[in-house]
Amino acid sequence: MIAPSARGAAPGDTIVALATPPGTGALAIVRLTGTDAVAVADRLFRGETALATAPARQARYGHLHDPDSGEPLDEVVALVFRAPNSVTGEDVVELTGHGGAFLARAVLEALVRAGARPALPGEFTRRAFLAGRMDLLQAEAVADLIHARGERARRNALAQLDGGLSSRITALRTRLLDGLAPLEAFIDFGDDVPEAPGGQALRGAIDDVRAGIGRLLGGRTRGRLLSDGAVVALVGRPNVGKSSLLNALAGQDRALVHDAPGTTRDTVDVEMTLGGIGVRLVDTAGIRATVDPVEEAGVSRSKRALESADLALLVLEAPLPPAEDDRAVAALVADGARPLIVVRNKADLGDDDGTRRFSEELAVCDGGTGDALAVSARRGDGIDRLVETLSRRLSEAAGDDEGLTMTRARHYEALRRADEALLRAAGALEAGAFADMVAAELRESLGALGDITGDRAGDDILDRIFRTFCIGK
Ligand SMILES: Nc1nc2c(ncn2[C@@H]2O[C@H](COP(=O)(O)OP(=O)(O)OP(=O)(O)O)[C@@H](O)[C@H]2O)c(=O)[nH]1
Ligand SMILES: [Mg+2]
């Protein structure tokens with residue numbers, strides 16, 4: 001955690017927002033934070049005592065009245081948190097009332113008339129950050145937690161909120177500072193120090209930190225899978241049953257199925273969760289050489305969908321021997337660019353030996369996992385096993401459960417800057433450059449690492465990050 005002084009004083013004006021989802025519910029919580037939070041709430045609150053004299057963190061029962069007309073608004077339980085022992089580091093009041101959309105709006109509006117300002121998206125979390133209650137990685141984890149699209153993303157965000165990732169960045173910075181300190185001493189007091197500090201120790205520190213950065217950079221795919229979800233493309237020649245399979249996997253009649261080859265033209269998406277990861281399953285047009293310009297456009301879309309997929313599901317037709325078109329599609333998917341699962345559909349009509357061998361060979365060239373499954377989209381045979389296999393492969397692609405994966409492009413960009421500066425520092429060291437040149441690169445790298453936790457984040461960066469939050473967070 002970084003001292004508040006490093007980030008400037010928190011703005012003290014009092015803001016208010018609904019902390020629970022808008023709409024009708026059992027309860028609605030309205031939250032105020034700021035210097036006047038208690039005074040503003042007291043303009044509406046009538047209970048045994050005023051909130052100004054209420055002990056912190058103890059529920060107080062009372063009623064809210066309109067500050068102008070005195071008309072009763074709602075029955076509430078009020079909680080007061082006093083600075084600095086609150087989530088924002090300021091005085092905070094939480095008013096829990098009955099959950100009605102209109103009611104909550106009336107209370108909010110009355111609190112604004114009593115002197116509060118409606119909060120901007122993410123403004124509560126931003127104040128927590130400015131007060132040094134959390135660093136930027138943790139603030140982002142709050143947003144990630146709310147928007148988590150699967151169990152793994154949720155776990156990762158929670159670990160990030162706990163500061164797991166922050167302490168990793170801090171450890172890298174400490175190691176770098178240890179290397180930099182003797183160098184700075186030499187630059188400042190060179191006259192009293194006969195020789196530049198040993199390049200060996202510094203080199204060791206640079207190598208260690210670069211290795212640590214490399215490990216974090218290696219989690220990029222994993223991070224993207226967690227935050228954006230995975231794209232799984234169903235590909236194959238026309239009429240093998242891709243659309244039928246999409247419907248079977250999604251458990252709904254989503255894509256048009258027909259016995260005429262070339263039925264699907266546009267890609268069709270279904271969102272689902274597999275292996276704890278949000279998945280967009282994409283059905284594509286059957287791939288074959290065609291003279292029909294519309295079908296041809298569909299085939300191009302299929303190829304594009306395949307290129308951007310994280311996993312390909314190649315569909316073959318079990319009862320028939322492999323066709324020329326099957327081999328052509330197989331050549332497209334088996335390029336090692338992404339994991340591949342081969343499915344032999346229509347197994348209810350038979351399982352051709354040639355196609356079985358062909359599918360197994362393809363699956364083996366994908367790393368020998370042998371994920372070549374016989375299924376029947378029509379009867380539902382083998383669909384459970386296919387879901388299991390998909391979940392396993394996606395969960396492998398999302399990596400182990402360290403819960404310490406960076407999920408944002410911002411993080412990776414900063415890591416890359418830190419690494420490039422270290423590379424330059426190592427080069428300068430090697431070339432016997434002046435100590436202050438090496439030190440400048442090390443400081444640059446330290447700064448870039450600090451950007452990840454938000455040590456020198458300006459308003460523009462904070463605006464961009466907190467804009468994606470909901471109001472009330
Ligand atoms: N017997 C049997 N027929 C199936 C099965 N799956 C699909 N079919 C039939 O195969 C035909 C083609 O199915 P689609 O799902 O439209 O095939 P597609 O691969 O999406 O075809 P295109 O969109 O033209 O590329 C339809 O008549 C389906 O009813 C299956 O498991 N068993
Ligand atoms: Mg189709």
Side-chain angles (χ1 to χ4, degrees), residues 231-272 279-309 311-334 338 340-356 358-360 362-363 371-390:
V231 177
V232 174
L234 281 152
V235 289
R237 70 167 161 78
N239 217 36
V240 289
K242 299 177 295 299
S243 300
S244 307
L245 211 49
L246 175 99
N247 292 341
L249 286 168
Q252 51 172 302
D253 209 5
R254 188 68 180 73
L256 189 67
V257 168
H258 200 275
D259 58 10
T263 303
T264 305
R265 295 293 171 90
D266 223 340
T267 52
V268 177
D269 296 7
V270 181
E271 302 272 347
M272 53 200 300
V279 171
R280 186 153 59 84
L281 198 59
V282 185
D283 177 26
T284 65
I287 297 176
R288 66 170 168 187
T290 171
V291 289
D292 178 343
V294 181
E295 189 179 355
E296 177 51 37
V299 170
S300 308
R301 285 189 180 209
S302 300
K303 290 179 180 164
R304 253 181 294 150
L306 176 65
E307 271 164 26
S308 59
L311 189 147
L313 209 65
L314 173 65
V315 187
L316 302 171
E317 204 167 332
L320 304 177
E324 207 38 58
D325 284 334
D326 287 323
R327 296 189 190 279
V329 182
L332 278 180
V333 293
R338 64 199 75 73
L340 169 68
I341 297 176
V342 187
V343 179
R344 297 193 305 280
N345 187 34
K346 310 195 190 182
D348 53 295
L349 299 179
D351 202 2
D352 178 77
D353 278 346
T355 293
R356 193 176 55 239
F358 179 56
S359 71
E360 281 165 3
L362 275 172
D371 289 327
L373 310 169
V375 305
S376 167
R378 176 170 291 176
R379 293 209 316 225
D381 305 339
I383 298 297
D384 286 350
R385 252 194 82 205
L386 176 56
V387 168
E388 232 169 73
T389 307
L390 268 168

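Every number for a ligand or one of its atoms is a count from 1 in the order of the listing.
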**Request:** Just jot down the salt bridge (Lys or Arg N to Asp or Glu O under 4.0 Å) partners of R304, sequence neighbours excluded, or say none.
**Result:** none
Name the atoms and distances for all side-chain donor-acceptor pairs under 3.5 Å in residues 325-332, with sequence neighbours left out.
unit_1: D326; atom_1: OD1; unit_2: R237; atom_2: NE; d: 3.0
unit_1: D326; atom_1: OD2; unit_2: R237; atom_2: NE; d: 3.2
unit_1: D326; atom_1: OD2; unit_2: A323; atom_2: N; d: 2.9

So do the side chains of [X] and [Y] get within less than 4.5 Å of each other, counting heavy atoms only?
X: D283; Y: R254; value: no
X: V333; Y: V342; value: no
X: L386; Y: L313; value: yes
X: R265; Y: D292; value: yes

**Prompt:** Where is the tightest heavy-atom contact between K346 and V240, given as atom of each residue plus distance?
**Reply:** CE-O, 3.5 Å
**Message:** Closer than 3.5 angstrom, by distance alone: can the side chain of S376 be matched with the main-chain N or O of A347 as a donor-acceptor pair?
**Reply:** no
**Prompt:** Backbone N or O of V257 within a donor-acceptor pair of the S243 side chain at under 3.5 Å?
**Reply:** no
**Request:** Sort by chain and number the protein N/O/S atoms found under 2.8 Å from the Mg ion (ligand 2).
**Result:** S243 OG, T264 OG1
**Item:** Close residues, ligand 1: non-hydrogen atom nearer than 4.0 Å
**Value:** P238, N239, V240, G241, K242, S243, S244, V257, H258, D259, A260, P261, G262, T263, T264, G286, N345, K346, D348, L349, S376, A377, R378
